[in-house]
Amino acid sequence: MNRPSLKMRTAVLAVLITVACSAAPAAAQDLAVRAGTLHTGAGEPIADGMVWIVDGVIRAVGPAESIALPDGVEVIEVPVATPGLIDARSTVGLSGAMNQPHDQDQLERSAPIQPELRAIDAYNPRERLVGWLREHGITTLHTGHGPGELISGQTLIAKTRGETVDEAVIVPSFGLSATLGPAATGHDRSTPGNRSKAVALLRAKLIEARGYAERQDAGRDLALEALVEVLDGARPLIVAADHHVDILAALRLADEFGVRLILASASDAHLVVDEIRAAGVPVLLHPTMIRAWGGSERANFSFTTARTLLDAGIPVALQSDFEGYVPKTRVVLFEAGLLLGYGLDVAEALALVTSAPAAILGIDDRVGTLEVGKDGDVALFDGNPFEYTTHVLGTVIEGVRVSDVRR
Amino acid sequence: MVRSFLPACGLALALCATPAAGELRAFVGATLYPVDAPAVEDGVLLVDGGEIRAVGARGQVRIPSRAEVVELPAGTVILPGLVDSHSHIGEVAGGDRSGPIQPEARAFDAVDVRSSGLRRALAGGITSVNVMPGSGHLISGQTLYMKLRAGTTIDDLAYRFDDGAPAGGLKMANGTNSMRDAPFPGTRAKSAALLRAAYIEAQAYAERRESDDPPDRDLGKDALAEVLSGRRMVHFHSHRHDDLMTAIRLRDEFGFRMVLHHTSEAWRVADEIAEADVPVSLILIDSPGGKLEALYLEARSAPALEQAGASVAFHTDDWITDSRYFLRMAAFGVRAGMTRETALRALTLAGAEMLDLDDRIGSLTPGKDADFVILSGDPFSVYTRVLETWVEGEKRFDLDDPDDRAIAEGGANALTPGDGAGHLHGAGPHADHGDLR
């Protein structure tokens, strides 16, 4: 069989030209990627394109012939390159591959509402699933406490690098993770035991937080502080809701309290498109290959929901979600790929895992497209990124080659 | 997409109306992958009732004038109906929580043929399925080989042994899934010891059955005796390299016929598996982990087994992976370095061999069942859709049919209640989703 040739010449020239060199020497993080097809995510793909990264930031991007690289800049040559991929919502790093109690920190079951739980206190940047995602071109990860309780805790946004949480994180606390529906009521405790009670508990807590914000003499309450930030609009409420009843309940809550809502999973979104659009709410859509059984709240999921939401003009990104068994995480590269059979083109599929999540997560000043001034995060491929027979050749984060595994 | 027209019959109307050996149909213009022969561009697949009559290039296959000719667009691909060598569709069940060894339990008695799971499989191009009870037992019961033909009862769909009994294998397992509180085993050594004891008893039972003093009938031992006689294949769930070798050791001790299933760590013992001449029904998934045994699950098992010379089939393990995108697993195999030819064989003929059904299915071969799938393009491309699935000459899935499309794409009420609940190892419907641990 013919394997695509792996062509990654590094042109490290005369690294030791130093003293006599008048131009600024290339720093360690100077790197250029030259791709037969460069998908920048901002405009049409560029044939024989190049992105030049200096000190972690994109200095230039365009046709290779238009960029005059200084001597000594390492050049990675690949058939195809894209912006580093973004997993719009995951629990990886809090949930680990072993699926044993000691590596599952994504859900604390002791109470239904615990907004004080911070993701930075549990995120493990050395978790092998983080590495697995990195090796598949994912450079930015929105992760944290998972679905399964009314408010399970906070989320963070990290680059898939680093040996400590501080080295990884770019947004230490992004949003609050909330859940409506059976996943939040199907536990052993007596309450909340159904949908009405769940919403009543949430409303009561938000009202309590509003009162807390107005009181001058209140002592510190970590849970209410976090909820006040949601009421202020400082952080979004990310509500995992699949059944249309739960999606509408989330919209109702957002309307009542004026909170910034992001819907997650939302497998019934195609049934309530008008309502979601009217509310101006973005959707972190369930993985295309979500697993649901007939009769469950996710049973109406469709491979065409992404297409439906895009057509409606609703901001939509793909999330890997939470997996409780084998496989322990989904890979948004593969989830987006499946959509090419269901009416999306490469640019649209790519947007679902790059520019769209960047915008929804408010980090589009840094990531999501290959544009001058943004982070030098690049995923490298030997063909159409979304074909299952294509390989990821490597991953670059802020100008550093963080993976050269062929996947 | 798929056009169909009857050729002009001229004056011989009576002949057209009464085909002698069933309906004749010629599917013309697609690329055919017979699997047991090289691919044919611009091919002709001639189907006579429920059987394949001829396979070849346009102009080389004589199309009888009474045949309905279905002209397919260029780029269309026809594969043999896919064979899923390990699935849990139809809300199948086997043994219960009463003990670790229950060979008497039959999948045949538990499959719901009206489940949308069967239609999902057809939407994925699957025409034959080994429906298995779960892996929460050392022996969880008898599997069922099922043909996805039209029917309203399990009797309509079951493959049969020559004596008319429902055909199937025996599901066995080792490793952690079957290790639980007593009376289940707590360790790997105990698991093997319990299995050995069961087969030693079955050997004695089978011997006494032939004597002047036959024992009372024991349904479980009957099934094990069928394994010992070679009539019934063992389908052995196993992940870790040492568990794979334990399964081979048991096979060697008792001389049964065996297929290894899942085999997360096959890449570590590929040469040993090939040396032992054990076929493998393999699953490839998107990421490692989810349980300790799957930590080192890697797609490189596919090329490793191929290069070692082992026979490899793929399976969905539905609902671990959805039958609707079974094709993508072969693409994963190719991604990892498997050849295209072996990957196609792993979706079809290899699985048929592991179910002892390769004389009837698994390739586009004259005389075999007319089970085939029409694809819009390359089998390994994400752009490709299953257009039609045919079983024994009957169209069982048509993407142009709104009901079928709803199954293929999902949406409101696409799934029947309980579809997907066959893979629960007896743990209850919220084992995975409700309890995130």
Side-chain angles (χ1 to χ4, degrees), chain A residues 1 3 91 95-101 104 106-107 109 128-129 132-133 136 146-148 182-183 186-187 268 270-271 289 291-296 298-305 322-331 334-335 337-342 384 386-391 407, chain B residues 115-117 264 283 285-295 297 299 317 319-322 324-325 328-332 334-335 337-341 376 378 380-385 406 408-422 429-437:
Chain A
M1 92 184 245
R3 290 212 186 119
T91 60
S95 59
M98 287 182 275
N99 209 17
Q100 301 297 305
Q104 301 302 297
Q106 76 284 352
L107 191 64
R109 281 293 204 187
R128 60 181 289 168
L129 292 179
W132 185 258
L133 297 182
H136 286 86
H187 44 58
D268 271 358
H270 57 94
L271 301 177
M289 292 175 273
R291 294 182 289 192
W293 37 75
S296 75
R298 296 175 143 187
N300 296 329
F301 84 95
S302 168
F303 301 139
T304 60
T305 302
F322 170 82
E323 286 288 356
Y325 193 51
V326 180
K328 194 63 178 110
T329 185
R330 307 219 72 94
V331 178
F334 301 141
E335 303 301 324
L338 200 75
L339 292 171
L340 295 187
Y342 298 88
N384 180 336
F386 296 114
E387 286 284 14
Y388 286 138
T389 47
T390 294
H391 304 91
R407 285 282 181 202
Chain B
S115 166
S116 52
S264 291
I283 190 169
I285 57 167
D286 302 50
S287 68
K291 61 177 181 172
L292 293 172
E293 295 174 323
L295 273 183
L297 187 155
D317 200 7
W319 115 153
I320 290 290
T321 69
D322 194 313
R324 287 175 289 188
Y325 37 79
R328 95 187 182 111
M329 200 174 303
F332 265 147
V334 172
R335 182 189 194 105
M338 190 179 230
T339 63
R340 284 175 58 97
E341 293 71 25
S376 62
D378 185 86
F380 303 114
S381 172
V382 293
Y383 292 93
T384 294
R385 294 287 296 269
E409 299 187 340
N413 305 312
L415 307 179
T416 49
D419 180 11
H430 289 290
D432 285 342
H433 189 62
D435 179 1
L436 302 183
R437 294 277 185 203

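The sequence lines fix the lettering, A, B, ..., with proteins before strands; numbering per chain opens at 1. The analysis underlying the following values was restricted to heavy atoms, covering all of them including side chains, and did not include hydrogens, waters or symmetry mates.
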With a 4.5 angstrom heavy-atom cut-off, could you sort out which part of [X] is near chain B: side chain, backbone, both or neither?
X	answer
A:Asp268	neither
A:Phe334	side chain
A:Leu339	neither

Over all atoms of both residues, closest heavy-atom pair of B:Ala294 and A:Val326: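 Distance-wise, the nearest heavy atoms are CB-CG2, 4.3 Å.
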Between [atom1] of [X] and [atom2] of [Y], what distance do you get to the nearest 0.5 Å?
X	Y	atom1	atom2	value
B:Asp322	A:Leu338	CG	CG	9.5 Å
B:Tyr383	A:Glu387	OH	CD	6.0 Å
B:Ser287	A:Glu323	OG	CD	8.0 Å
A:Arg407	B:Arg335	CZ	CZ	10.0 Å
B:Thr321	A:Met289	OG1	CE	10.0 Å
B:Arg385	A:Phe303	CZ	CZ	9.0 Å

Under a 4.5 Å heavy-atom cut-off, does chain A meet the side chain of [X], its backbone, both or neither?
X	value
B:Ala412	both
B:Thr416	backbone
B:Phe380	both
B:Ala299	neither

Return the option, out of [options], with the maximum number of heavy-atom pairs under 4.5 Å with chain A.
options	result
B:Ile283, B:Leu292, B:Thr384	B:Leu292
B:Pro288, B:Pro417, B:Ala331	B:Pro288
B:Ser116, B:Gly117, B:Gly411, B:Gly410	B:Gly411
B:Ser115, B:Ala408, B:Ala406, B:Ala414	B:Ala408

Max heavy-atom pair count under 4.5 Å with chain B, selected residue of A:Ala97, A:Gly295, A:Ser95: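 The option with the most such pairs is A:Ala97.
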Largest heavy-atom contact set with chain B, pairs under 4.5 Å, which of A:Leu271, A:Thr304, A:Val331, A:Thr329: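 Looking at each of A:Leu271, A:Thr304, A:Val331, A:Thr329 in turn, A:Thr329 comes out on top.
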Aromatic plane relationship, B:Phe332 with A:Tyr388 - under 30° parallel, 30 to 60° tilted, over 60° perpendicular: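 Geometry flag for B:Phe332 against A:Tyr388: tilted rings.
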Any residue meeting salt bridge (charged side-chain N to carboxylate O under 4.0 Å, His left out) with B:Asp286, in chain and number order, not counting sequence neighbours: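 B:Asp286 satisfies salt bridge (charged side-chain N to carboxylate O under 4.0 Å, His left out) with A:Arg330, B:Arg328 once adjacent residues are dropped.
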I'd like to know if the side chain of [X] reaches the main chain of [Y], judged simply by a donor and an acceptor atom lying under 3.5 Å from each other, with no hydrogens or angles considered.
X	Y	value
A:Asn99	B:Lys291	no
A:Ser302	B:Glu409	yes
A:Asn300	B:Asn413	yes

